[in-house]
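Taking it in order: structure first as structure tokens, then the write-up.
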Amino acid sequence: MGLRLWISMSLLRKIEAEAATILSRAGILRDVSLEGTFEVPPRPELGDLATKVCFTLASKLRKSPAEIAAQACSEAEVAEGGLIERVEAKGGYINFYFNWPRVAEELLKEALKPGYGKPVVKPMRVMVEHTSVNPNKALHIGHARNACLGDFVSRLLRFAGHEVIVANYIDDTGTQVADIVVGFLHLGFPLEKEGVKFDQYCGDDVYVRVNRMYSEKPELLEKRREVMKLIDEGGNDVADFARKLAERVLRSQLQTLWRLGVYYDLLNWESDILRAKLWEQAFRKLKAGGYVYYAEDGKAKGCWLLKLSHLPEFSKLESPDEILVRSDGTVLYPGKDIAYAMWKHGLLEDTFSYKIFSRQPNGKLLWTTTVGEGDREHPKFNDVELSINVIDVRQSYEQKVVAAALQMLSRGEKKYIHYAYEVVSLSRRTARKMGIEADESRQFIHMSGRRGWYVNADTLLEALYQKALEETRKRNPDASREFLEKTAEAIAVSAFRYEMLKVSPDKMIVFDLDEALKLEGNTAPYLQYAHTRCAGILRKAGDWSPEYKPRSLKEPEKALLRHILMYPKAVESALRDLRPIHICSYAHKLATLLNEFYQKCPVIKAEEHTRSFRLTLVKAAKCTLASALDLLGIVPLERM
RNA sequence: GGCCCCGUAGCCUAGCUCGGAUAGGGUGCAGGCCUUCGGAGCCUGUGGCGUGGGUUCAAAUCCCACCGGGGCCGCCA
């Protein structure tokens, strides 16, 4: 997973280049590349930037790192008026000390320009597919993790200048939709429940109850098979009903997603994929290219299999080839998924029709695939170089097969990334509170849609909203209701997203409701609070003109400047592995440094020159923080 | 049986790709900071790399083995 396509033109790179020039004048380091050897010293007295290059050179030069560093520093020449003022050797490291008036001036000017931190990339066309929740239920917090990660990746890639198409795949033909169709058509469930959000009604009530009834009345499973067959064939009342039903659930899910600030470009319906005959197209190509074969005998007799045994990563497996078509001629999920991936990457003709589904609250149009005519004029959605598919880790093997198939079919031209993430489970405490009777010896309980063991995203969002509302009211007793509600909503959404993003995708989140409702410490409100403090200072300052050049700097100011300087690096790290943690940590550190600065360096009451400089610094820090928060989908607030 | 992921203080978590300075946060607990730009804050203390080997001048990081937890393994999605 990851992209390596950026070139950065930031001030940081300029400083690193100057450091390299300085050291190149020392004989011992002539022609040595410093690329990737820079780091931030652990303590300010060790300088503002360091290189560990002497360590890697030690064995080659048969000298200790300390000797090399000392010699290099004695021979190095610092240019007058440059960005670096002084070079010192210490413990094998070469430490650089900034010429602060110049660095601060250039940095503040750069950070105040819109788009600070944006890397220069070769723009790519990318499809990010995420969420993809079966349209028979409300999103639970595991689905929300998927959406938050996918949305982060989309925001990041767009920030970097890529052309991003965000898709949400809607499986309206699977067993889960069939289950609720059985409920409505054969078990007499009413078509709505007063006062209950439709997706919640379908998932919490109908789906769970229908599944309970399967064990009591096994003949119901026969009904489901009938329903699924009709849905699969299409062009009948049951199929039409199922599609309309799925659409209603989807609209309800979208309310939650939009509330979370997650938006899409395209909805891709499985029933439309069937009707567009993507699989038939793909199967012809697979056969023509000799990628598949028909099994004449063996365990998979009568099936069509994808050849994988020649690939090293599959060759060790007992049965490396993957069954794509059952012996009865029907297609399996990996087959469909390969066809769909081929469509994404432009390896199949685009046989979909499209129409506008909705205008989203952010003003952007949401398109959908559709049956029949569709709009003649529509954006081009497929034919991307890169697709990023956010799907939980349990499907890793199947995704590996799809990626391998695409690799073969495109001869390595197209890149299919499975963005895997671990599931969200429930803490024992929370499960017990919800009345789930699970194995008490386990430290956590896996969620289960069929059994009704889950926490809905709506439920958590609402709990966060109430908590935030209460806290905001406490702090703003005289504020208008509109302000309180708007602020609480921004806090709730931000807190939700940050909880999902601050943990590495390959760690399971054991969700605990009480823990999740805390709004102190390393949480979104902490970041938002630092932002409002900046806003508060700037608001109070009245009219002022910027001052970029400091006369002297206190340590908290330097620390803040150093961290602002590092923003492009945080963005690059995130782009490298697509993980939000880099931006989360960056934003948290920036907020901490702002709070320390706030404590130790008075702005408004400072003497005039310092006042102007500090105001400029606060503004730059605020801009940088807002930029990082935007990437995470956290709402930067002016007051809270 | 094969394969994949995780294991860092009481609890949660960063650092592991690319080995280097005293392992960074949060929470909890103990204490301190309100005549100073907003206390969702700041400061001090407390406590940690699953185990055993190996490679290296140097290992949380790389290699091997083991232990513990989770997941996936051809006609489900």
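Just the heavy atoms: all of them, side chains too, but no hydrogens, waters or symmetry mates, feed the values below.
At the phosphate of B/C18, neither OP1 nor OP2 sits under 4.0 Å from any side-chain N or O atom of A/Arg576. Proximity of A/Arg442 to the phosphate of B/G70: a side-chain N or O atom is located under 4.0 Å from OP1 or OP2. Residue A/Arg394 places no side-chain N or O under 4.0 Å from the OP1 or OP2 atom of B/C4.
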Under 4.0 Å protein heavy-atom contact, by nucleotide of nucleotides 54-64 of chain B - B base, S sugar-phosphate only: -----------
Letter per nucleotide, 5' to 3', of nucleotides 26-32 of chain B [B base touched, S only sugar-phosphate touched, - untouched; heavy atoms, 4.0 Å]: SS-----
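Among residues two or more places apart in sequence or in another chain, the ring-ring contact (aromatic ring centres under 6.0 Å, His included) test is passed with A/Trp279 by A/Phe283. Not counting sequence neighbours, the partners of A/Thr37 by the side-chain hydrogen bond (donor to acceptor under 3.5 Å, both in side chains) test are A/Thr51. In this structure A/Pro44 satisfies the side-chain contact (heavy atoms from CB on, under 4.5 Å) test together with A/Glu555, A/Arg562, sequence neighbours excluded. In terms of the side-chain contact (heavy atoms from CB on, under 4.5 Å) criterion, residue partners of A/Ser64 (sequence neighbours excluded) are, by chain and number, A/Ala66, A/Glu67. Applying the side-chain hydrogen bond (donor to acceptor under 3.5 Å, both in side chains) test to A/Lys433 and every residue at least two apart in sequence or in another chain returns A/Asp514. Applying the salt bridge (Lys or Arg N to Asp or Glu O under 4.0 Å) test to A/Lys569 and every residue at least two apart in sequence or in another chain returns A/Glu16. With sequence neighbours excluded, the residues that form a side-chain contact (heavy atoms from CB on, under 4.5 Å) with A/Asn211 are A/Asp179, A/Tyr207, A/Tyr214, A/Arg450.
With pairs defined as Watson-Crick or G-U wobble and both atom distances under 3.5 Å, the stems of at least three pairs that touch RNA chain B come out as B:1-7 with B:67-73, B:10-13 with B:24-27, B:28-33 with B:41-46, B:50-54 with B:62-66.
A/Arg43 contributes no side-chain N or O that forms a donor-acceptor pair with the base of B/A21 under 3.5 Å.
We find that OH of A/Tyr419 is positioned 21 Å from P of B/C4, with the value rounded to whole Å.
Sorted by first and then second residue, the ring pair (Phe, Tyr, Trp, His ring centres under 6.0 Å) pairs with a member in residues 583-603 of chain A read A/Tyr526-A/His588, A/His563-A/Tyr586, A/Tyr567-A/Tyr586; sequence neighbours excluded.
Ring-to-base geometry does not place A/Tyr529 in a stacked arrangement with B/G41 (centre distance under 5.5 Å, plane angle under 30° required).
With B/A14, B/G71, B/G39 as the candidates, the nucleotide lying closest to the side chain of A/Tyr598 is B/G39. Considering only side-chain atoms of A/Cys303, the nucleotide from B/A40, B/C42, B/C75 that sits closest is B/C75. Side-chain atoms of A/Ile581 lie closest to B/A14 of the nucleotides B/C37, B/A14, B/C76.
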What nitrogen or oxygen pairs link the protein and nucleotides 7-9 of chain B at under 3.5 Å?
{"from": "B/G7", "atom 1": "OP1", "to": "A/Lys507", "atom 2": "NZ", "distance (Å)": "3.3"}

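Within the 4.5 Å cutoff, no side-chain heavy atoms of A/Arg497 are placed close to those of A/Leu632.
Comparing the P positions of B/C43 and B/A60 gives an interatomic distance of 28 Å, to the nearest angstrom.
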